[in-house]
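All chains are named by letter (A, B, ...) in the order of the sequence lines, taking the proteins before the strands, and each is independently numbered beginning at 1. Everything quoted here is computed from the prediction, not taken from an experiment.
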Amino acid sequence: MAEYSKEEIKRIEEKWRIEWKNREVYKVSNDSKKPKFYVLDMFPYPSGAGLHVGHPLGYIASDIVARYKRLKGFNVLHPMGFDAFGLPAEQYAIEHGIHPATSTSQNIENFKKQLANIGFCYDWSRKVQTCDPKYYKWTQWIFLQIFDSWYNRKKEKAERVAELVSIFEKEGNANHPVPNSKFEIQNFKAVEWKSFDDKNKQEILMQYRLAYLAHTDVNWCEALGTVLANDEVINGVSYRGGFPVVKKQMRQWSLRITEYAERLLQGLDKIDFSDSMKEIQRNWIGKSVGARIDFDLTPGPSPEERGSASGEIYAQDFIFTTDERTWKSQKENARDNRKSPTEAEEKFWQSVRNSNLGFKFRRQHAIGRFIVDFVCIEKKLVVEIDGAIHDSQKKEDEERTLIIQDAGFKVIRFSNEEVLKNLEVVLQEIRMELSSPSPLERGPEGEVLTVFTTRPDTIFGVDFMVLAPEHDLVKKITSASQQTEIDKYLKYVESRSEVDRMAEVKKITGAFTGAFAVNPFNGREVPIWISEYVLVGYGTGAIMGVPSGDERDHKFAKHFKLPITNIIGSHYNGEEANPTKDAILENSDFLNGMVMHKAIDVVIQKLEEKGIGKRQVNYKMRDAGWSRQRYWGEPFPVTYREDVPYAMKDEELPLELPPSDNFKSAGNGEGPLANLTDWINFAPNQKRDSNTMPTHAGAAWYFLRYMDPHNDTAFADKKALDYWQQVDVYIGGSEHAVAHLLYSRLWIKILHDLGYIKFDEPFKKLINQGKITGDSRFVYRVRGTNRFVSAGLKGNHQTDELHVDVNIVNGLELDTEAFKKWKPDFANAEFILEDGKYICGSAIEKMSKSYFNVVNPDEIINNYGADTLRMYEMFLGPLEQSKPWNTNGIDGVFKFLRRFWNLFHDSTGNFTVSDVEPSRDELKVFHKTIKKIEHDIDNYSFNTSVSEFMICANELSSMKSNLPTGQAGKRSILEPLVIVLAPFAPHIAEELWEKLGHQDTILNASFPQYDEQYLTESSFNYPISINGKVRAQMNFALDMPKEDIEKVVLASDIVLKWTEGKPPKKVIVVQGKIVNVVL
RNA sequence: GCCCGGGUGGUGGAAUUGGUAGACACGCAGGACUUAAAAUCCUGUGGAUAGUAAUAUCUGUACGGGUUCAACUCCCGUCCCGGGUACCA
């Protein structure tokens, strides 16, 4: 007797779990003629708490997709594994003395058991586990490939370091500048490269490597004893534990993800992620387009102190004039001179024109009030070729040279003779000069202050400059009289922790350096300040202050009573900055009358012409810190000799994590591995790294390993990689938006560039399942007593709110007896009831042990079975939406499954189906259901497919009950319907499938095809609306012409009633949709 | 503050993207079966007004406007909730 009862469900589900395992039905082959489909879940961190009902939500969805695709004829890869390295296991080890390896494998076993209960179709033979040496051998190996790569900006892809070395040997680094502008050796030639010793070479190469070791500002968390990545720090405290985090300089590994910023950004257009997910990544990458602008500095005292006269002269002599007339006349002079070059000048010009030396030269070009013979603006190099030299001329030239040099140019002179006789020597000298760093590349040092701005159009609204307090220039430019002021401020800044800063973000502080910068367009001198609100790490660490257009600049100007230049007329009200780009510019010299957003390009062009600035793209994203001072992670596969890290050989991998039971950090910023001195100093003059990689490392590529998990000669076989390719659907939480998803995209791009894989995005489509939140319950204890007052009456007492276990509350009503037994403290609790009941308070919170609102899926399975759990979780609402867990509707889903079951059984519970042909109505329900389910799965709308199943079962069972007693459901529709249901409720489907007489598992069946002919109707029940309001229904043939419908409708009683005999204004007939009569 | 989502009965949520708002389910109410309860089945169920009733009319998708024959859906403004981000120049 097979009723769909609790006992029967248990029997069925257990039976099939065993059968499926024994028959290895989930085993996936890499060798198949079928098209592939890869469905992936974000693999879990196996925590000690086990699964709660929130975890399986995404797994159920992906399981449905996987089973559906398999029935649709795909070879489906649907694996599961564990992100098993990481902090919690290590913290647990410190607190409880249990080795992370032990607790991790216990937790994994527990997870596997819980997952098996839900009936997922994972191929467990492909399980990966990031802490397994056989796995992390390849994590280390990939890390070494990254270490052995650099980013060729010209080709926009990663290449091998060996290639870089051969480039250096041929041409130095002129075409491939050092990514880090702070590094002491910026430019070198081939000969110089060859002359460097190995240590020196390694140091230079380190500046290029995509995985590199450097002293960087890191987020140091003392309480956790480790460095954290930017995304692990929230509001100045650690993501885990909420401990304070400070900036600290440490030598650690980083990944040069910034080189990939643009590709990571562009790649988002090729992949199907949700808008919000793409937005989060875009914000994180933080691209902004603008310009770098160089400002000259006045060296000494302020213009007032120098006297106005000298100030004017200064401006006239040293800076580029923007006076239109001067420019014009200068340019005309220059043009004339170009027409009549000397022989030497012409010969020289032929050698340098068209960027023959790698840089663009101009001839007879105006600089300030002088015209120079030749200039390379990019490199700020002036070349003068002199004729016969008279003494008077010589003196004049010297003066002229001085002035041009002060404008930031280097001047070299050659005689006519030198050019004519020894051109090669001359060119060689110029090549030397060109290869030395230009002022722009050198950064804000010496006489130039470089800022980054997205709004170069506001250049005439600049009223001051602000440097980050840590900016290199601060030391150099602070005037004697302002020194104490600046020192005081620097001290204040240093005293502020990250948390302080975060807490008072909008506080205005700052100090004046005593120095002034010169606006290159109008010669105006503006004071240079330092302030916390300018960050040293972004842009150039310096900004131009435009108070009329920028809120922070405005507050700063108001606070320090600096003048405010209005360049946007009535758009600025004197009280608040207006960041508009649509205003017409005023007080802006040659930009006057121009719309701001158009002026941006005009200014940039001018900046580039004058060689004092250029278009610049900036990214907020920083390189990713990759060292953790932890034990439970992948050791870095390098050995240090004389402090230089060298990659270990492939055959030496994996570098296994040494056994240890000491997980406390060794102090001094060193992780627990530093305690193992024998392991660290494993050979004379050779050392290992005491850090381990972050958990992101193992997670960055795990989906590749599933393709070929037991390979020990490669991270995965090329054939397997080419067959499975990208993940077709990836389902997981949105909390991994920045870290995991960005790092995996990076690793895949690098592996792609190096030729290991054909695709350069890991995940074709990403779905973020919503969080299932907990629905907490509270009791209210009267303060100082053991009496508990019901929620409605708590206003009468002083109470404390306590979380109570949701499992002893029915709806809102507390089971008071269970409560007394729950904790010894409450054994003799008394209750103040309302209407004889104790009503609890409630709140939606995250599901957490400490809130006692955790619902374990095992419990639901125990009561209703896995099929009900699966369908109910889907029925709860749209997959991507967050929702609180409650079991309010679970009976409805359970009833559906029983009704479905009953379609195959008679009233006494005997299995019986009939071979009679189904009726047209039955066929219609059947085909409609297939069509809808297919459509819904394709759109990941599982809640509506559950509804559709319910409708189907309701309709079929009412049709069945209308049959003469004893007649059974029709095999020809019920059998394929079982297949349609199988992805959602695999256990019941498999059982019915077997009862229908099949030997093979339903997994190998094929999904039925719906037939449109059973769905097309010959007629349609038209809603007849009058003035847009539906008043009646009328049935017409679908092919009935509009005119005929209109006639019948207008003649109908209902319409006549409303029209009162008057002719309607308009009649709209939409075939197959609606009729609307307008009066 | 800025940038994304979202706001539909007592509840979870449907609505083929401009064409009958509230599918499906929970809950609730009434009924059948039962000594009784549970379970099961049937009926009703957005709100208001009128009617014994079938029914009719009005109203209704956060709020205020607009476009349209027709708006939950499109446009403008306001309020609220959720997520991301925060001196990023």
With a non-hydrogen cut-off below 4.0 angstrom, is [X] in contact with a base, only sugar-phosphate, or nothing?
X: A:V946; answer: nothing
X: A:D553; answer: nothing
X: A:K278; answer: nothing
X: A:Q1033; answer: base
X: A:P878; answer: sugar-phosphate
X: A:F875; answer: base

Value in whole Å for how far the [atom2] atom of [N] lies from [atom1] of [X]:
X: A:E948; N: B:A15; atom1: CD; atom2: P; result: 11 Å
X: A:E470; N: B:C87; atom1: CD; atom2: C1'; result: 13 Å
X: A:K932; N: B:A15; atom1: NZ; atom2: P; result: 6 Å
X: A:D891; N: B:C41; atom1: CG; atom2: C1'; result: 16 Å
X: A:N886; N: B:G12; atom1: CG; atom2: C1'; result: 7 Å
X: A:W284; N: B:C4; atom1: CH2; atom2: C1'; result: 17 Å
X: A:N888; N: B:G13; atom1: CG; atom2: C1'; result: 13 Å
X: A:L897; N: B:C24; atom1: CG; atom2: C1'; result: 14 Å

Short side-chain N/O contact from [X] to OP1 or OP2 of [N], under 4.0 Å:
X: A:R899; N: B:U40; result: no
X: A:S274; N: B:G5; result: no
X: A:N943; N: B:A14; result: yes
X: A:N954; N: B:A25; result: yes
X: A:R552; N: B:C88; result: yes

Closest non-hydrogen atom pair, [X] against [Y]:
X: A:F295; Y: A:A517; value: CB-CB, 4.1 Å
X: A:K1073; Y: A:P1023; value: O-CD, 3.3 Å
X: A:P878; Y: A:N943; value: N-ND2, 3.6 Å

Among [options], which nucleotide sits nearest the side chain of [X]?
X: A:I280; options: B:A25, B:C4, B:G84; result: B:G84
X: A:I951; options: B:U59, B:A23, B:U20; result: B:A23
X: A:T944; options: B:A14, B:C87, B:C41; result: B:A14
X: A:R898; options: B:U40, B:U20, B:G13; result: B:U40
X: A:K895; options: B:G13, B:C26, B:A89; result: B:C26

Taking the six-membered ring where the residue is Trp, are the ring centres of [X] and [Y] under 6.0 Å apart?
X: A:Y872; Y: A:F894; result: no
X: A:Y1010; Y: A:H935; result: no
X: A:F1020; Y: A:F1036; result: no

Are there any protein N/O atoms within less than 3.5 Å of an N/O atom in nucleotides 68-73 of chain B, and if so, which ones and at what distance?
from	atom 1	to	atom 2	distance (Å)
B:C69	O2'	A:N1076	ND2	3.1
B:C69	O2	A:N1076	ND2	2.8

Identify all stems in which RNA chain B takes part, counting only runs of at least 3 consecutive pairs (Watson-Crick or G-U wobble, each distance under 3.5 Å), and give each as one range with another, ordered by first number.
B:1-7 with B:79-85, B:10-12 with B:24-26, B:27-32 with B:40-45, B:46-50 with B:55-59, B:62-66 with B:74-78
Worked check of side chain to side chain donor-acceptor pair (under 3.5 Å) between A:T944 and A:S941
CA-CA 6 Å; A:T944 53; A:S941 175; 2.6 Å; yes
Given A:E1012, which partner from the list A:K931, A:K928, A:K924 fulfils the salt bridge (Lys or Arg N to Asp or Glu O under 4.0 Å) test?
A:K931
Glycosidic conformation of B:G9, taking syn as within 90° of 0 and anti otherwise
syn
For B:U17, does the O4'-C1'-N9-C4 or O4'-C1'-N1-C2 angle fall within 90° of 0, making it syn, or is it anti?
syn
What interatomic distance, in whole Å, is found between C1' of B:G10 and the corresponding atom of B:U45?
11 Å
Say whether, by atom type as modelled, one donor and one acceptor occur between the side chain of A:T887 and the main chain of A:I890 under 3.5 angstrom.
no
Would you call the rings of A:H554 and A:Y572 parallel, tilted or perpendicular, where under 30° means parallel and over 60° means perpendicular?
perpendicular
